[in-house]
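To keep things clear, I will list the structure first and then write my remarks on it.
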Amino acid sequence: MEYKRKRKKIIICIVFVFFIICIIWPQSSEFDDKAALEEFMEIQIPNYEVKEYISDNSIDIHGDFTDKINIEFDSIPSRTFIDRVKCKVNEDKNKEEKRWLTDGKHGYTFRASYGDGGKVPNSRKEQDDWFVRLDFYDNSKKAVIEYGHW
């Protein structure tokens, strides 16, 4: 009987330590540096720092999820960058799939979904059914990256 109690305590301690490690361990994603995002967006973007990960706790049996990352650019986006974005928005106006959009006077969105045999960036060749989105403003250092599987 004593053996079962010790075993139970050890198991509880292991689970507790694992839980603490999961909470403390820093989260990361492929967007910790801007290279992957630039490949998807086909444009150079300002340097940024990841401020917060918001993990989707509702991952389903198929692995579908939507995570968010709050980032902060090193500085307010430059006029040169915003002009390139506006050019992308204009290029997309007549396309069926619009990746670049404006949101009001200062807001911009890049959104792309991949899968079902469509064009896939090199870093995602073996992965299907995923999406990425970046929302930012031309007068703010803050932005949000949303990504996941469906």
Side-chain angles (χ1 to χ4, degrees), residues 11-150:
I11 291 171
I12 289 172
C13 286
I14 290 170
V15 169
F16 180 73
V17 168
F18 179 74
F19 178 74
I20 295 299
I21 289 172
C22 288
I23 290 173
I24 295 173
W25 198 272
Q27 293 178 305
S28 64
S29 81
E30 65 194 286
F31 302 112
D32 285 350
D33 81 34
K34 65 181 189 163
L37 198 55
E38 286 179 334
E39 180 187 9
F40 305 147
M41 297 171 65
E42 299 175 338
I43 188 174
Q44 283 191 322
I45 62 172
N47 292 328
Y48 62 81
E49 181 181 337
V50 173
K51 293 297 187 178
E52 177 186 25
Y53 288 93
I54 304 168
S55 294
D56 185 353
N57 294 325
S58 64
I59 296 175
D60 70 11
I61 194 165
H62 303 289
D64 296 350
F65 70 94
T66 300
D67 285 352
K68 288 184 181 181
I69 304 172
N70 291 324
I71 64 171
E72 187 172 299
F73 295 121
D74 289 350
S75 61
I76 291 176
S78 70
R79 176 58 41 210
T80 303
F81 172 67
I82 296 302
D83 287 345
R84 279 187 256 142
V85 168
K86 286 179 179 179
C87 185
K88 292 280 192 182
V89 169
N90 285 332
E91 289 173 8
D92 278 3
K93 280 186 178 177
N94 296 323
K95 293 181 181 177
E96 186 174 325
E97 180 186 10
K98 293 173 180 39
R99 292 179 156 201
W100 289 94
L101 305 164
T102 57
D103 180 19
K105 185 176 180 182
H106 297 282
Y108 298 91
T109 296
F110 168 82
R111 65 178 185 195
S113 55
Y114 301 94
D116 301 328
K119 180 183 175 187
V120 178
N122 290 333
S123 62
R124 289 290 186 149
K125 285 292 184 200
E126 303 301 321
Q127 299 174 344
D128 291 332
D129 301 337
W130 64 275
F131 68 94
V132 63
R133 178 181 174 131
L134 172 67
D135 293 309
F136 64 97
Y137 292 90
D138 63 8
N139 59 0
S140 175
K141 292 180 9 176
K142 297 180 187 301
V144 176
I145 300 169
E146 187 176 75
Y147 66 100
H149 274 261
W150 78 85

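Start at 1 with the first residue, then count along the sequence.
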Interatomic spacing from [atom1] in [X] to [atom2] in [Y] - rounded to 0.5 Å:
X: Lys68; Y: Ile145; atom1: NZ; atom2: CD1; answer: 12.5 Å
X: Thr102; Y: Asp92; atom1: OG1; atom2: CG; answer: 11.0 Å
X: Ser113; Y: Glu97; atom1: OG; atom2: CD; answer: 5.5 Å
X: Lys93; Y: Leu101; atom1: NZ; atom2: CG; answer: 11.0 Å
X: Met41; Y: Trp100; atom1: CE; atom2: CH2; answer: 3.0 Å
X: Lys86; Y: Asn90; atom1: NZ; atom2: CG; answer: 9.5 Å

Looking at side-chain heavy atoms only, is the closest gap between [X] and [Y] below 4.5 Å?
X: Leu37; Y: Ile45; result: yes
X: Arg99; Y: Lys88; result: no
X: Phe136; Y: Tyr48; result: no

For the student: nearest non-hydrogen atoms of [X] and [Y], plus distance:
X: Ile76; Y: Lys141; result: N-CG, 3.5 Å
X: Ser140; Y: Pro77; result: O-CD, 3.3 Å
X: Tyr137; Y: Gly107; result: CD2-CA, 3.4 Å
X: Gln44; Y: Arg84; result: O-NH1, 3.5 Å

Carefully, step by step, assess Phe81 and Asp138 under the rule side chain to side chain contact (heavy atoms under 4.5 Å, CB included).
CA-CA 9 Å; Phe81 172 67; Asp138 63 8; over 6 Å; no

For the side chain of Glu146 and the backbone of Thr66, is there at least one donor-acceptor N/O pair under 3.5 Å apart?
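Not confirmed, Glu146 side chain does not pair with Thr66 backbone.
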
Is a donor on one side and an acceptor on the other found under 3.5 Å between the side chain of Lys51 and the backbone of Lys142?
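No; zero donor-acceptor contacts below 3.5 Å.
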
Got more than 12 heavy atoms from elsewhere within 6.0 Å of CG, Asn94?
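No, because the 6.0 Å sphere around CG of Asn94 holds 12 heavy atoms or fewer from other groups.
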
Sole candidate of Ile71, Thr109, Ile69 that passes side chain to side chain contact (heavy atoms under 4.5 Å, CB included) when paired with Leu134:
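That would be Ile71; it is the only one of Ile71, Thr109, Ile69 passing the side chain to side chain contact (heavy atoms under 4.5 Å, CB included) with Leu134.
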
